[in-house]
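Inspection log for the structure reproduced underneath, given as structure tokens.
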Amino acid sequence: MPDLFAQLEVAWYASATEQKCQAVDELIPCYLDLCLGHLPEIAGRQVPDCAEIGRPAQPICVPPESLPFRKAIDREGRAALLHAIAHIEFNAINLALDAAWRFKALGMLFVRDWIGVAIEESYHFKLIEARLHDLAYAYGDLPAHTGLWNLANETAQDVLARMALVPRLMEARGLDALPPIFRAFQGIGDKPTLRALSVIARDEVRHVALGDLWFRKLCASENLPVSDTYQSLIVGYDVPRPRPPLNEAARSAAGFDTAELDLLCGR
Ligand SMILES: [Fe+2]
Ligand SMILES: [Fe+2]
């Protein structure tokens with residue numbers, strides 16, 4: 001097997017988008033080996049501070065409240081929406097690479113799962129970037145929001161919090177956001193974007209499911225109740241709670257049970 005951890009490190013540090021996606025693609029042979037059950041020893045050095053992860057100089061990042069709300073009715077609005085999705089996907093690549101490397105002590109199955117997510121996020125980024133190019137825009141042309149990576153920083157010492165607040169909270173909020181985005185692009189008959197979004201929707205349910213699986217495993221290993229621990233981490237890290245309407249079908253497919261969905265919906 002090629003040196004998985006050395007390649008993971010290269011992908012983690014890569015800053016230009018093309019370089020990042022290429023380095024992630026180079027993890028695919030290692031990922032296939034892991035999927036076939038070849039689990040090497042955990043190796044490699046300690047992960048640097050989250051601030052050092054590779055990301056491009058553009059877009060400039062601003063607080064979410066200073067970004068204008070855009071509807072996909074004209075070319076600019078459509079590009080703004082696609083740019084926001086591209087930003088989420090790029091951050092999602094970094095979040096998955098960081099989880100795989102930073103928390104490798106959890107074992108090679110954990111590393112395998114998050115490398116697999118990074119590979120899919122890179123594909124999502126490229127799908128959305130291609131749609132931006134069709135509209136004569138590029139990732140980095142517009143400002144983007146700061147929130148996503150901050151949470152990685154805050155949970156760098158705590159894998160339980162990372163699994164709860166990144167895949168099981170932020171990515172699950174992405175599932176809630178997908179139906180209105182689908183409707184917006186359906187309303188303007190943008191079939192190529194709808195095709196890209198359908199790939200993303202399919203994969204994102206699995207990403208949340210992996211977050212749910214690992215969060216549950218970690219809770220079980222410490223004898224912690226799943227739903228109460230999740231609620232107290234949301235409060236403890238001062239992260240906005242999921243706001244109904246939730247995409248209950250997708251969340252349920254990703255592992256949220258009825259009692260927890262009722263609680264999150266305030267029923
Ligand atoms: Fe994604
Ligand atoms: Fe994802």
Side-chain angles (χ1 to χ4, degrees), residues 8 11-12 14 17-18 20-25 27-28 31 35 50 53-56 59 81-103 110-132 139 144-145 147-152 155 159 161-182 184-185 192-216 239 242 246-247 249-256:
L8 184 53
W12 194 93
T17 55
E18 218 181 307
K20 175 81 74 186
C21 291
Q22 195 180 335
V24 170
D25 280 352
L27 283 163
I28 292 174
Y31 178 64
C35 289
C50 280
I53 200 160
R55 49 188 163 162
L81 200 47
L82 286 166
H83 194 276
I85 300 170
H87 185 63
I88 290 168
E89 299 297 350
F90 188 83
N91 275 278
I93 303 172
N94 271 349
L95 287 163
L97 291 173
D98 190 73
W101 190 13
R102 188 171 304 280
F103 302 115
F110 182 90
V111 174
R112 175 200 67 189
D113 284 351
W114 296 104
I115 285 180
V117 172
I119 292 166
E120 289 177 354
E121 303 295 15
S122 167
Y123 182 53
H124 298 171
F125 176 79
K126 285 186 279 190
L127 288 174
I128 298 298
E129 189 190 38
R131 292 301 297 138
L132 273 175
Y139 178 59
H145 70 84
L148 295 168
W149 188 249
N150 295 348
L151 208 48
T155 57
V159 66
R162 175 70 70 86
M163 290 297 107
L165 302 180
V166 174
R168 206 173 186 271
L169 183 83
M170 300 297 283
E171 290 201 84
R173 283 172 59 178
L175 297 180
D176 303 333
L178 272 167
I181 295 174
F182 263 125
F185 285 101
T193 299
L194 288 169
R195 267 195 293 275
L197 290 174
S198 63
V199 172
I200 292 174
R202 177 200 65 196
D203 294 344
E204 292 305 333
V205 171
R206 215 174 57 81
H207 300 175
V208 178
L210 286 174
D212 181 70
L213 174 90
W214 284 103
F215 180 65
R216 284 177 192 277
V239 186
L246 304 186
N247 186 344
R251 281 173 175 266
S252 145
F256 284 82

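Counting convention: from 1, in listed order, for ligands and their atoms alike.
- The atom of E121 that is an N, O or S and sits closest to the Fe ion (ligand 2) is OE2.
- Rounded to the nearest 0.5 Å, atoms CG (L82) and CG (L127) are 11.5 Å apart.
- For the Fe ion (ligand 1), the nearest N, O or S atom contributed by E89 is named OE1.
- Taking backbone and side-chain atoms together, E120 has no N/O/S atom less than 2.8 Å away from the Fe ion (ligand 2).
- The Fe ion (ligand 1) has an N, O or S atom of H124 inside 2.8 Å of it.
- The nearest N, O or S atom of D203 is not closer to the Fe ion (ligand 1) than 2.8 Å.
- The name of the N, O or S atom in E204 nearest to the Fe ion (ligand 1) is OE2.
- No side-chain donor-acceptor contact under 3.5 Å links D98 to the backbone of W12.
- Taking the N/O/S atoms of H207 in turn, the shortest distance to the Fe ion (ligand 2) belongs to ND1.
- A donor-acceptor contact shorter than 3.5 Å links the side chain of N91 to the backbone of H87.
- For the side chain to side chain contact (heavy atoms under 4.5 Å, CB included) with E204, the qualifying choice from R206, R202, H207 is H207, the only one to do so.
- Residues passing the salt bridge (Lys or Arg N to Asp or Glu O under 4.0 Å) test with D203, sequence neighbours excluded: none.
- The number of heavy-atom neighbours closer than 6.0 Å to OH of Y123, taken from other residues, nucleotides and ligands shown, is 12 or below.
- The Fe ion (ligand 2) is closest to atom OE1 of E171 (considering only N, O or S atoms).
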